[in-house]
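Only one structure is covered here, and it is reproduced in the block below.
Computed from a predicted model, the values in this text were never measured in an experiment.
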Amino acid sequence: MNAQAPIRSDTLVMQSYTDSLAAICDTAEVLAPHLVPLSAALGKVLAADIHASIAVPSFENSAMDGFAFASADVAAASEDAPVSLLVVGASIAGDTAGLSHLVSGRAAKIMTGAPMPDGADTVMPVEAASWDHENLTFTSPYPKGRHVRLVGQDIATNDLLLEAGTRIKAAHLPMLCASGAASVMVFERPKACWISTGQEISDDFTKPLAPGHIYNATALYGQSACEDMGVEFTNATTVRDTPQDFAAALETALEGDANIILSTGGVSAGQYDFVKPVLEDFGARIHVHRVRIKPAKPILFATLPGGKYFFGLPGNPISTALALGAFVKPFAHLLSGVAHERSLAARLINEVRGASGKTTFLMGKLTTNETGQLHVTADARQQSFQTAPFGRSDAWIVIPEGVDALAKGELVDCIPFTSAICDRS
């Protein structure tokens, strides 16, 4: 164990949700930015704006396979007086030896993506052309600029492509690659490890449960939640409900490279709730323990010597999930330099009730009506051990502290379970 003098927390007062979240977030220090190849940037958060170094397209080119020519050359064409252009040469994508200049009265073959020859200002698709393998014939004028991609039509030089604080997604890659962004400045992704406590917990889903045992319902979800919030999940372990086993797991976690240590269970006030005293023996500073919320009231947050962060999550699956979404996620976003996702405002489909003197989080399902207005329905089952209603839901309905009930039709804040829901809304 760490030899530093313990920092006791017996005088901690149970705080509100907002005050507790603020106390947790106040400890967050953004991880140092560094330059990485674009190929290594997916999922990381930009530390600096990205501006386009080139225009896209950087040259005028054809959007179709066909023929390039000057529209003025066929402006007088009609059924009675057709105009023919002699087809000479070709402009081929990527071929610097292709036709680069076209004189008046001539046309050139051109392929998709190939440069427009000087003197040409429009393209006729091959399937629309009247061509006898020598001359291109017109019986009506042809508009200027058809099927021509102009310089900068997609991206202009120096355009702001992405702002600092943006998490790089797969959808950003074509734009960044097209504009030649070889490397970008990003914040490193935080890393997290997971400790499940409880000798009754089984991690082997292929075997029948022993009497009195339960399958681990939270570790795999924790890994998924971490990945959704932009945190790299390093490893998970399960230990017995003893101070010695937990201390050994914590020692191993401190020796690893995780910035955030997450554990489940052992943070309440029972005989086997040993997490807090073990942390204090390690010299941890407890910032938050027990919050005026339902569920997840016993949540604990501490900072450890060496700069690592610790979240002690309640053991019931729904309490664990709520603590991850309401506390760990905004904290992890601060570490990685991204602004935390906004909550969503939705109209209640059914009446909901809160818990006296606490912020209450209810499992709910978001829907959109025919006019695009967001609605949410609270599940009828809300016990913190009940995983089935969690599986039917996709957001937390937030009932503020001091509010006993909210009627059907009232506007309520919702915290989506995943980032994809925020992106969709």
Exercise. Going by an N to O cut-off under 4.0 Å, is there a salt bridge joining Asp19 and Arg292?
Worked result: no
Seminar exercise, completed: Between Tyr309 and Thr303 the two heavy atoms that sit nearest each other are CD2-CG2, 3.8 Å
Exercise. Has the side chain of His289 got a donor or acceptor atom that lies under 3.5 Å from a matching backbone atom of Val267?
Worked result: yes
Exercise. Does Asn369 reach the main-chain N or O of His375 with its side chain, forming a donor-acceptor pair under 3.5 Å?
Worked result: no
For this session: With the side chain counted from C-beta on, respond yes when Leu38 and Leu173 share a heavy-atom pair under 4.5 Å apart, and no when they do not.
Result: yes
Problem set entry | Lys144 NZ to Phe69 CZ distance, which is reported to the nearest 0.5 Å | 13.0 Å
For this session: Using the side chain to side chain contact (heavy atoms under 4.5 Å, CB included) rule, pick out the option among Ile110, Asn61, Asp65, Thr112 that qualifies with Val123.
Result: Ile110
Exercise. Does a side-chain heavy-atom distance below 4.5 Å link Arg167 with Val45?
Worked result: yes
Exercise. Distance from Leu31 atom CG to Leu334 atom CG, nearest 0.5 Å?
Worked result: 11.0 Å
For this session: For the pair Phe390 and Tyr221, name the ring-plane relationship: parallel under 30°, tilted 30 to 60°, perpendicular over 60°.
Result: perpendicular
Exercise. Roughly how far apart are Ile293 CD1 and Ser319 OG, rounded to 0.5 Å?
Worked result: 8.0 Å
Exercise. What pair of heavy atoms forms the shortest contact from Ser263 to Phe310, and how long is it?
Worked result: OG-CZ, 3.2 Å
For this session: Dump the intermediate steps for side-chain contact (heavy atoms from CB on, under 4.5 Å) on Thr252 and Thr237, then the final yes or no.
Result: CA-CA 10 Å; Thr252 299; Thr237 187; over 6 Å; no
Exercise. So, for Ala129 and Met124, which heavy atoms are closest and what is the spacing to 0.1 Å?
Worked result: CA-SD, 3.5 Å
Problem set entry | Check: Arg189 side chain, Val231 main-chain N or O, donor-acceptor pair, under 3.5 Å | yes
For this session: Determine whether Thr360 and Val352 make a side-chain contact, defined as any pair of heavy atoms from C-beta on separated by less than 4.5 Å.
Result: no
Problem set entry | Candidate pair Phe274 and Phe246, rule ring-ring contact (aromatic ring centres under 6.0 Å, His included), full reasoning | CA-CA 8 Å; Phe274 46 79; Phe246 177 70; 5.7 Å; yes
For this session: Working to the nearest 0.5 Å, report the span between NZ of Lys408 and OG1 of Thr377.
Result: 9.5 Å
Exercise. Relative to the ring of Tyr215, is the ring of Phe205 parallel (under 30°), tilted (30 to 60°) or perpendicular (over 60°)?
Worked result: tilted
For this session: Determine which pairs satisfy ring pair (Phe, Tyr, Trp, His ring centres under 6.0 Å) with at least one residue from residues 159-196, sequence neighbours left out, and list them in order.
Result: none
Problem set entry | Flag, side chain of Thr359 to backbone of Pro400, donor-acceptor distance under 3.5 Å | no
For this session: Hey, could you give me the CD1/CG distance between Ile397 and Asn350, rounded to the nearest 0.5 Å?
Result: 7.0 Å
For this session: Kindly check if the number of other-residue, nucleotide or ligand heavy atoms within 6.0 Å of NZ (Lys109) is above 12?
Result: no
Problem set entry | Pairwise side chain to side chain donor-acceptor pair (under 3.5 Å) hits with a residue in residues 113-129, at least two apart | Ser71-Asp121
Problem set entry | Qualifying residues under salt bridge (charged side-chain N to carboxylate O under 4.0 Å, His left out), relative to Arg149, sequence neighbours excluded | none
Exercise. At their closest point, which heavy atom of Ala47 faces which heavy atom of Pro33, and how far apart are they?
Worked result: CB-CB, 3.5 Å
Listing, residues 152-165 side-chain donor-acceptor contacts under 3.5 Å, not counting sequence neighbours, or none:
unit_1 : atom_1 : unit_2 : atom_2 : d
Gln153 : OE1    : Leu150 : N      : 2.8
Thr157 : OG1    : Ala55  : N      : 3.2
Asp159 : OD2    : Ala156 : N      : 2.9

For this session: Please confirm whether the backbone N or O of Ile214 pairs with a side-chain atom of Glu200, one donor and one acceptor, at under 3.5 Å?
Result: no
Exercise. Okay, side chain of Arg146, backbone of Pro125: is any donor-acceptor separation there less than 3.5 Å?
Worked result: no
For this session: Show your reasoning for whether side-chain contact (heavy atoms from CB on, under 4.5 Å) applies to Phe327 and Phe301.
Result: CA-CA 9 Å; Phe327 293 99; Phe301 172 76; over 6 Å; no
Exercise. Is the backbone of Cys193 close enough, under 3.5 Å, to the side chain of Asn235 for a donor and an acceptor to pair up by distance?
Worked result: no
Exercise. Quick one: do the Asp204 and Thr206 side chains pair a donor with an acceptor below 3.5 Å?
Worked result: yes
For this session: Identify the heavy atoms of Phe59 and Ala114 that sit nearest to each other, and give their distance.
Result: CE1-C, 4.4 Å
For this session: Just do the ring-ring contact (aromatic ring centres under 6.0 Å, His included) check on Tyr142 and Phe67 with the steps written out, would you?
Result: CA-CA 12 Å; Tyr142 193 83; Phe67 300 91; over 10 Å; no
Exercise. What is the minimum heavy-atom distance between Ala23 and Gln15, and which atoms define it?
Worked result: CB-NE2, 4.4 Å
Seminar exercise, completed: Result for side chain to side chain donor-acceptor pair (under 3.5 Å) between Ser196 and one of Asn216, Thr218, Thr320 points to Asn216
For this session: Output yes when a side-chain donor or acceptor of Lys329 lies under 3.5 Å from a complementary backbone atom of Ala225, and no otherwise.
Result: no
Problem set entry | Pairs flagged by side chain to side chain donor-acceptor pair (under 3.5 Å) wherever residues 378-392 is involved - sequence neighbours left out | Asn316-Ser384, Asp379-Arg392
For this session: Give a yes or no on this: more than 12 heavy atoms of other residues, nucleotides or ligands lie within 6.0 Å of atom CG of Leu220.
Result: no
Exercise. Would a distance-only check, ignoring hydrogens and angles, find a side-chain to backbone donor-acceptor pair under 3.5 Å from Arg353 to Ala405?
Worked result: no
Exercise. Is any side-chain heavy atom of Leu411 less than 4.5 Å from a side-chain heavy atom of Arg347?
Worked result: yes
Problem set entry | Lys44 side chain vs Ile168 backbone, donor-acceptor pair below 3.5 Å | no
Quick one: side chains of residues 91-99, donor-acceptor pairs under 3.5 Å with protein atoms, not counting sequence neighbours, listed by atom name and distance.
unit_1 : atom_1 : unit_2 : atom_2 : d
Ser91  : OG     : Pro115 : O      : 2.6
Asp95  : OD1    : Ala97  : N      : 2.9

Problem set entry | Spacing of Asn259 atom CG and Glu29 atom CD [to the nearest 0.5 Å] | 11.5 Å
